[in-house]
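Chain A is the first sequence line, chain B the second, and so forth, proteins listed ahead of strands; every chain is numbered from 1. Remember, it's a predicted structure, so these values are computed and weren't measured experimentally.
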Amino acid sequence: MQAVDTMSRSRMAEGRSGTERKWRRRALWALVVLLPAVIVETSYGSVRTFLGNNDLIARDVAWGSAAHFGGSDWQLTDLRTALGMEGLPANAVPVLADFTVTVGDPDMRNLWVGCKVFLTDASGRQWTPTATVSLRAPADVMICASAAFSGAKKGDRLKIRETFMVPKDAIATIRVAVGVGSERPYYLRFQRPES
Amino acid sequence: MIRRVSNVVLLVVAVALCYGMQTSTPHYARLTGLIPVRGGIGETIEARSFSLKVAKIGFAHTLKLNAFGKEKVLTTGGLWAIVTAELAARDASTSVWGGIWQGPAGLRYRTSERLGVAPGAPPFSLEPGLPRKVRFVFEIPADQAANATLLVASARFSALDSEAQIKLGTVETGADGLPAGVIETFDLDQPI
């Protein structure tokens with residue numbers, strides 16, 4: 001009787017350890033799935049914010065052509081230097097970038113949030129618009145941020161100009177780029193005018 | 001018996017370790033605060049977004065400046081400390097809000113706002129490839145002049161960005177306790 005008892009107990013223990021082993025293996029496999037899932041879940045917000053705040057991937061636009069961006073069609077119409085200005089640091093050259101934007105979606109205050117026009121050169125340096133240089137512009141010319149809140153309607157053609165100050169050595173390779181909140185991490189990079 | 005003693009020893013060690021870690025952990029604000037980049041006068045200090053080189057320091061009793069066509073004279077019960085430096089953006093346009101004069105005992109004085117919006121007053125906007133000379137102007141008590149540190153960062157309140165810390169060194173003082181080189185009036189309109 002006692003022998004039978006011992007046997008059944010050891011068989012039970014064997015069965016229990018088998019189930020335990022099975023569950024232990026399942027738990028380990030679950031870690032393989034859960035750990036990456038936790039990393040993805042916790043970093044999702046930060047990655048989204050990072051991608052939404054930075055101009056990372058360029059979409060090149062050929063000179064003279066327009067690109068649909070932030071609900072509207074953007075065309076770079078002019079990129080030139082302004083010479084003969086006084087009171088600037090030695091070696092500094094003012095640069096003007098002119099765009100014509102045909103409004104598609106008039107909800108620009110949302111689509112163009114964080115609108116940033118900037119210049120990049122061959123070595124990767126970036127210039128944002130300056131307040132040091134102020135040149136008089138025609139009344140219908142806006143900057144990107146003011147255009148976003150101008151209340152323009154679908155089909156309107158907006159003239160946008162941004163002014164920069166860059167060193168002489170960068171002039172040969174600068175290109176104009178535009179980023180808006182609704183399109184990030186993508187941004188437009190315009191080819192230089194053919195001279 | 002040995003097992004019991006070793007368990008107690010292990011427990012004591014664990015408690016000591018935990019206590020040590022608890023007391024030595026820096027405050028969260030410090031962990032996520034500014035990252036110092038240290039240097040001295042005449043050295044170019046490379047912060048994350050800008051570089052800075054302090055050229056000289058001057059002290060004066062009054063400041064003279066021209067604001068919107070009007071001459072302004074600023075007096076003080078202490079001293080005006082004027083730090084002349086060269087600032088440059090590194091890879092992208094940026095700005096520097098101003099600076100902090102940290103006295104020998106750690107007292108901090110921000111760049112004076114009494115200058116208002118005079119030309120050349122901070123914030124300083126910086127463009128890559130176009131270094132500019134600037135003046136940081138502080139109003140400090142005379143006893144804060146020696147062994148001070150200049151602290152410069154991009155933004156006034158920021159985290160995990162670099163902060164240039166420049167040791168301004170000893171300043172010779174006269175019998176009256178004022179810096180030996182102190183002048184009566186510093187003209188801020190003179191070119192840097």
Colleague: Inspect the surroundings of CZ in B:Arg90 and state if more than 12 heavy atoms from other residues, nucleotides or ligands are less than 6.0 Å away.
Modeller: yes

Colleague: Below 4.5 Å from any heavy atom of chain B, which atoms of A:Ala131 appear? Answer side chain, backbone, both or neither.
Modeller: neither

Colleague: Under 3.5 Å, which donor-acceptor pairs link side chains of residues 113-130 of chain B to any protein atom two or more places apart or in another chain?
Modeller:
residue, atom, partner, partner atom, Å
B:Arg114, NH1, B:Thr75, O, 3.0
B:Arg114, NH1, B:Glu139, OE1, 3.3
B:Arg114, NH1, B:Glu139, OE2, 2.9
B:Arg114, NH2, B:Thr75, O, 3.1
B:Glu127, OE1, B:Ser93, OG, 2.6

Colleague: State whether the number of non-hydrogen atoms from other residues, nucleotides or ligands found under 6.0 Å of A:Arg26 atom CZ is greater than 12.
Modeller: yes

Colleague: Where on A:Thr132 is there a heavy atom nearer than 4.5 Å to chain B: the side chain, the backbone, both, or neither?
Modeller: side chain

Colleague: Working to the nearest 0.5 angstrom, can you tell me the gap between B:Asp91 CG and A:Asp121 CG?
Modeller: 10.0 Å

Colleague: Inspect the surroundings of CD in B:Gln190 and state if more than 12 heavy atoms from other residues, nucleotides or ligands are less than 6.0 Å away.
Modeller: yes

Colleague: Taking every heavy-atom pair that is under 4.5 Å apart, which of A:Ala170, A:Pro167, A:Ala92, A:Pro89 has the most such pairs with chain B?
Modeller: A:Pro167

